[in-house]
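Reckoned from all heavy atoms, side chains included, excluding hydrogens, waters and symmetry mates.
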Amino acid sequence: MRIGQGYDAHKIKEGKGLILGGINIECGYSIEAHSDGDIIIHALIDSLLGAAAYGDLGTYFPSEDQSLKDISSVAMLEEILKKLSKDSFSIINIDITYVGKIPKIIAYREAIIENLSKILAIDSNKISCKATTTDGLGFEGNLEGVSCHCISLIE
C-alpha cells in the first residue's frame, strides 16, 4: 500500500459559480485558475500522483501550456487514472477536506462523492468529503481564496 497527500489553493473572485469535485455549483464567486479551477480534483490528482511517486500536477499539466487553458479537471483526472491503471495501481480510499467559507459544500457533498465514485470507478463508501471554514482565519476565512487537502491510499 502507498499513501499520497495533495493540496491545492486558488484565489476567488466575484462570479457566477465554480466547479468542485466535477460538480457545477452556483454561487456569487468563481475561482481564478488556468484550468477550470476544480481544487478538489486538483488535490485528488496530486495525492494520487504522490502515492504512485509520479510527480505533481504541474508535471503533467503545466500552467504555462496555453493549450491547457480552461482544461477540464475531470479530463486531467481521467488521464492520470489511465496511467495508474497501466501500472496496475488501484485506489483503496480517498479522504478530501475542502477549506473555505463559500460555498457551503454540505448541500453538494453527496453529489461530489457520487460523481467522484463514478470517475474513479470505486464505491462511494471509499470516499470521504468534508469541509471546514477556518472560523474566519487565513485567506480562506477572509474570502480571498479556497483550498483543499486530499489523502489517497492506493495499492
Side-chain angles (χ1 to χ4, degrees), residues 1-52 56-58 60-61 63 68-81 84 89-155:
M1 288 191 283
R2 301 169 71 135
I3 192 165
Q5 184 269 333
Y7 172 78
D8 194 33
H10 282 281
K11 291 180 182 180
I12 55 175
K13 60 184 179 182
E14 288 187 20
K16 296 181 182 179
L18 42 85
I19 301 171
L20 293 173
I23 302 296
N24 289 312
I25 298 174
E26 291 184 16
C27 66
Y29 293 89
S30 64
I31 292 177
E32 290 184 25
H34 182 71
S35 67
D36 65 8
D38 188 335
I39 64 169
I40 287 179
I41 290 185
H42 295 178
L44 171 58
I45 291 171
D46 259 350
S47 71
L48 292 169
L49 291 171
D56 62 25
L57 185 66
Y60 296 89
F61 308 100
S63 58
L68 299 174
K69 180 75 174 127
D70 298 323
I71 187 173
S72 161
S73 295
V74 171
M76 292 190 292
L77 177 56
E78 288 170 343
E79 187 171 323
I80 298 306
L81 291 173
L84 289 168
F89 284 114
S90 60
I91 297 170
I92 297 172
N93 75 302
I94 305 291
D95 184 19
I96 299 162
T97 304
Y98 173 80
V99 185
K101 287 177 75 170
I102 56 89
K104 298 280 189 193
I105 67 166
I106 190 71
Y108 307 98
R109 183 181 166 279
E110 291 305 318
I112 290 169
I113 290 170
E114 287 304 317
N115 192 50
L116 292 176
S117 172
K118 289 176 189 168
I119 296 165
L120 299 170
I122 62 173
D123 290 334
S124 60
N125 66 359
K126 294 182 176 186
I127 302 170
S128 168
C129 182
K130 55 201 180 301
T132 185
T133 65
T134 73
D135 293 327
L137 298 173
F139 67 89
E140 299 100 339
N142 291 325
L143 290 173
E144 296 170 23
V146 291
S147 66
C148 186
H149 300 263
C150 183
I151 298 173
S152 296
L153 185 63
I154 64 173
E155 64 180 349

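The closest side-chain heavy-atom distance from Phe139 to Thr134 is not below 4.5 Å. Ile71 is not listed as a side-chain neighbour of Asp36, based on a closest heavy-atom distance of 4.5 Å or more. With contacts defined as side-chain heavy-atom distances shorter than 4.5 Å, the pair Leu48/Phe89 does not qualify. Taking 4.5 Å as the limit, some side-chain heavy atom of Leu120 sits within range of a side-chain heavy atom of Ile94.
For the residue pair Lys130 / Thr97, a side-chain donor-acceptor distance below 3.5 Å is found, with atom types taken as modelled.
Put simply, the residue from Ile45, Ile41, Leu20, Ile19 that forms a side chain to side chain contact (heavy atoms under 4.5 Å, CB included) with Ser73 is Ile41.
Taking a 6.0 Å sphere around NZ of Lys16, one finds it holds 12 or fewer heavy atoms contributed by other residues, nucleotides or ligands.
Taken from CG in Leu68 to OG in Ser35, the straight-line distance is 9.0 Å, to the nearest 0.5 Å. Taking CD1 of Ile80 as the start and CD of Glu78 as the end, the distance is 11.5 Å to the nearest 0.5 Å. Atom CG of Asp95 and atom CG of Leu44 lie 11.0 Å apart (nearest 0.5 Å). How far CG of Leu143 is from CD of Glu14: 10.5 Å, rounded to the nearest 0.5 Å. Rounded to the nearest 0.5 angstrom, Leu77 CG and Ile40 CD1 are separated by 12.0 Å. Atom CD of Glu32 sits about 12.5 Å away from atom CG of Leu18, to the nearest 0.5 Å.
A ring-ring contact (aromatic ring centres under 6.0 Å, His included) check over residues 30-50, counting only residues at least two apart or in different chains, returns the pairs His10-His42.
The main-chain N or O of Gly22 is found under 3.5 Å from a side-chain atom of Asp38 such that the two form a donor-acceptor pair. Counting only distance, with no hydrogens or angles, the side chain of Asp123 and the backbone of Asn125 share no donor-acceptor pair below 3.5 Å. Using a distance-only test at 3.5 Å, with no hydrogens or angles considered, no donor-acceptor pair links the side chain of Asp8 to the main chain of Ala43.
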Throw together a table of side-chain donor-acceptor distances under 3.5 angstrom for residues 98-112, partners on residues two or more places apart or in other chains.
| unit_1 | atom_1 | unit_2 | atom_2 | d |
| --- | --- | --- | --- | --- |
| Tyr98 | OH | Ile102 | O | 2.5 |
| Arg109 | NE | Cys129 | O | 2.8 |

Under 3.5 Å donor-acceptor pairs involving side-chain atoms of residues 144-155, not counting sequence neighbours:
| unit_1 | atom_1 | unit_2 | atom_2 | d |
| --- | --- | --- | --- | --- |
| Ser147 | OG | Glu140 | OE2 | 2.6 |
| Ser152 | OG | Ser47 | OG | 2.5 |

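Closest of all the heavy-atom pairs between Asn142 and Gly136 is OD1-O, 3.7 Å.
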Decide yes or no on side-chain contact (heavy atoms from CB on, under 4.5 Å) for Asn93 and Ile127, but give the supporting numbers first. CA-CA 6 Å; Asn93 75 302; Ile127 302 170; over 6 Å; no

